[in-house]
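Worksheet: one structure, shown below.
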Amino acid sequence: MLHLMSILLLLWKLKKSKSCVGISCRMQECYAIVFCLRYLDLFYQFISVYNTAMKVVFISSTFYLIFLMRFQPPVSATYDRTADSFPYEQYLLGPAAVLGFISAEEWSIPEIFWTASIWLESVSILPQLILLQQLREVENLTAEFVATMGAYRFFYILNWIYRYFAEGYVNWIGWLGGIVQTGLYVDFFYYYAMSKWYGQKLVLP
Amino acid sequence: EEDYKAHDEL
């Protein structure tokens, strides 16, 4: 739900402020790739209505966000591709593909794609955090958006702890990816919490 | 069916 909330928060921000300054479209592009790699089983595996519905929502909303930021005025007029410049193609996609192949539990396309999507998701926030560091001042709704993006994976970790003790569920790849992903947020969370605590605007060092 | 490990998480 936190993940869904972060997407809805971003959609609301784009519609309300009609601007995507401070928002990284490259991060959304990474997430679109993550979802496409991971949700291929939509075509051949039915787990539950909830599971299928959420996969469709995540894929469609992410592509819609990209469309808004890249091609739909007035939002796209405020998008600066030179500022949002983290070269994720070689820095993130490459290593995720290699790691996905090496660490896949079995060398089948779905498993390799799933594993690569876990590694890619764990670092997909980087373009967003780097863009915010350049801008330093973080607008309120953007701060909430990034905070929920960091929080959702932390709640997966809590669920993984529960599932390990309740049903012996083991998911080494997911666990490691989740720890990396949450770890990348820790310093943002610190500044976000401080800005909330002291009631000041969020400014990154 | 049990041989295919389905990823049941999003």
Side-chain angles (χ1 to χ4, degrees), chain A residues 1-4 6-7 31 34-35 37-42 44-59 61-62 100 104-106 108-118 121 152-153 155-160 162-164 167 169-175 177-178, chain B:
Chain A
M1 286 306 117
L2 269 172
H3 195 174
L4 179 66
S6 69
I7 292 172
Y31 265 94
V34 166
F35 293 144
L37 285 174
R38 190 178 305 171
Y39 297 161
L40 287 177
D41 61 356
L42 270 173
Y44 61 85
Q45 173 98 20
F46 178 78
I47 290 165
S48 72
V49 173
Y50 169 79
N51 189 275
T52 302
M54 289 302 280
K55 287 175 177 175
V56 170
V57 165
F58 280 166
I59 289 177
S61 58
T62 301
E105 289 205 356
E106 60 173 288
S108 68
I109 291 298
E111 200 56 32
I112 290 170
F113 279 15
W114 179 85
T115 310
S117 80
I118 292 288
E121 181 185 9
Y152 88 81
R153 211 57 176 164
F155 278 76
Y156 268 87
I157 294 174
L158 298 180
N159 181 255
W160 286 327
Y162 164 76
R163 289 190 73 178
Y164 174 73
E167 53 189 79
Y169 173 82
V170 176
N171 174 10
W172 292 110
I173 304 283
W175 291 349
Chain B
E1 178 56 30
E2 70 285 344
D3 66 2
Y4 179 73
K5 191 171 66 74
H7 293 292
D8 60 357
E9 293 181 338
L10 290 172

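Chain naming here is simple, since letters A, B, ... match the order of the sequence lines and numbering starts at 1 in each.
Residues A:R163 and B:D8 meet the side-chain proximity criterion, which asks for heavy atoms closer than 4.5 Å.
Take A:N159 and apply the side chain to side chain donor-acceptor pair (under 3.5 Å) test, not counting sequence neighbours, and it matches no residue. With sequence neighbours excluded, the residues satisfying side chain to side chain donor-acceptor pair (under 3.5 Å) with A:S117 are A:R38.
For A:Y152, no part sits under 4.5 Å from any heavy atom of chain B, backbone or side chain. Contact annotation for A:F35: neither backbone nor side-chain heavy atoms come within less than 4.5 Å of a heavy atom of chain B.
One distance of note links OG1 of A:T115 with NE2 of B:H7; it measures 6.0 Å at 0.5 Å rounding.
Scanning all heavy atoms of the two residues, the minimum distance from B:L10 to A:M54 falls at CD1-CB, 3.5 Å.
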